[in-house]
Amino acid sequence: MSFAELGLIPELQRAVTEAGYTEPTPIQKQAIPVVLQGLDVMGGAQTGTGKTAGFTLPLIQRLARHANTSTSPARHPVRALILAPTRELAVQVHESVQTYCKYVPLRSICVYGGVDMRGQVDELRRGVEIVVATPGRLLDHVQQKTIAFNQVEMLVLDEADRMLDMGFIPDIRRILDMLPEARQSLLFSATFSDEIKKLADRMLKNPQLIEVARRNTVSETITHTVHPVSAGLKRNLLAHLLRHAPDTQSLIFVSTKVLCGRLASFLARHGIAADAIHGDKSQVQRSETLEAFKAGKLRVLVATDVAARGLDIDDLPMVINYELPHTAEDYVHRIGRTGRAGRQGHAVSLVCAEEKPRLAEIEKLIKFQIPQQDVPGFAAEPDYDIAGSSRSKRERAGAGKSDQEPSRNSTTRPKRSDKPARGRSNPGIAPDGFDFSKPYESTVAGTPLGETPENAVIAPSEPRPSRARPRPVAVLLGGLGRK
DNA sequence: AAAAAAC
């Protein structure tokens, strides 16, 4: 089966061939003919299945029926709207649009926040048929009257379930209310919850259901590994793993923005080309970092779940879950960044005792047990199997050390008990005295070395200069009801 | 539970 057989016009076939594709993926085989007919679509597909080309190609062809070669802006009204939940995702979809528009006289733009509006306004004024956007900035343009929706023929909602999670639904509703009734609409979502169905009812007319690759299944080309490890040794283990795979580019997921930045600078300070991407970084930084990673200038990208879904990085061989995600579904999304398009991929998870329930949930969802592998020198403490009870946490906090009982922390910080208690003999303190498992506590430079395994690879480095912290310790502890 | 997204 070729793209020509799906009914694509020569201009698109040529662009597809030049992009290096010969055979349509299952979702493309299903979606392209249906969209070409002008029907509404409710689509369920994982990322990495070719979903984006599955809707951009027929969308472009529909618009190309009446493409206008005039240079007059008035001849280039907005005719298609594609909405995505994150800026990176919008950029990526737009790249696909641009690739396939190469031999078709249609103009497109990507519109998102965090950057100056003027450039976008100028481009809109010159006339564009296809707008790829994140909802907030799009509404901003509506308010400024720099965009008009009265000629919109097609609407695509990508990653609708994520939009829902992110609270975009009111924005989506407002946009829907402004669009012409007579239009073709496509909705893509990884899950079909009641809320998604409600949105689909409102947005789609007589939708064709397209679903490939059963939801929450993972690619067969990915090998999964769990390394049991105590929380305090995680970053040492990470450095160890990275060192033993020197030519491997990897994407590392953490669950908070603070840890994200700290882990990246920790790795960078130890000679690994690493940077961080998360929502508190400026959009310029986010774009530059992602580009540097894609270009191979960074070996390691540390990310929050901003990067969990949809991001397409070619040939990414390894994803590491520094912390397991809080919902099992996010595991599927995160590791979906590797092993794409039939390639081999590795999904490695560093799991401490408190995360075992999450691991069980993940294994239930993906329907198989992930092999566990102890790394010599980093194996989790004996009570690894005792998940959850605060008593075991307290014991664990002092595990292997008899000289000091860090009772202060273990009793006053119940919510952070999965992190190692602070103390002189805490193995969570690295040789440089930097304990980044404690987001809000400053670490005194020159803290005596903890019990680091013999084969730990952290090189000694300069004591970290003490610097101002965003929030004083006393305030935080007070807030948690200390004493 | 945390993350993301408009100014």
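Computed from a predicted structure; not experimentally measured.
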Atom-pair distance ([atom1] on [X]; [atom2] on [N]), nearest Å:
X        : N     : atom1 : atom2 : value
A:Ile147 : B:dA6 : CD1   : C1'   : 14 Å
A:Asp330 : B:dA1 : CG    : P     : 15 Å
A:Arg162 : B:dA2 : CZ    : C1'   : 11 Å

Fill in: pair A:Pro207-A:Leu209: side-chain heavy atoms closer than 4.5 Å
no
Fill in: 5'-to-3' dot-bracket of DNA chain B (Watson-Crick, G-U; under 3.5 angstrom; crossing pairs as [ ]; | other strand)
.......
Discussion item. Just N and O in the side chain of A:Arg87: are any of them under 4.0 Å from OP1 or OP2 of B:dA5?
Written reply: yes
Practice prompt. Answer yes or no: does a side-chain N or O of A:Ser255 lie under 4.0 Å from OP1 or OP2 of B:dA3?
Written response: no
Discussion item. Going by salt bridge (charged side-chain N to carboxylate O under 4.0 Å, His left out), name the residues that satisfy it together with A:Lys205, two or more places apart in sequence or in a different chain.
Written reply: A:Glu181
Fill in: Pairs where residues 171-180 of chain A contributes a residue and the test salt bridge (Lys or Arg N to Asp or Glu O under 4.0 Å) is met, not counting sequence neighbours
A:Asp177-A:Arg202
Worksheet item: Can you list, by residue number, the residues of residues 280-292 of chain A that have a non-hydrogen atom closer than 4.0 angstrom to DNA chain B?
Response: A:Arg286
Response to the item:
Residues at least two apart in sequence or cross-chain that pass side chain to side chain contact (heavy atoms under 4.5 Å, CB included) with A:Glu361, listed by chain then number, are A:Ala328
Discussion item. Tell me which pairs pass ring pair (Phe, Tyr, Trp, His ring centres under 6.0 Å) where either residue lies in residues 114-160 of chain A, with sequence neighbours left out.
Written reply: none
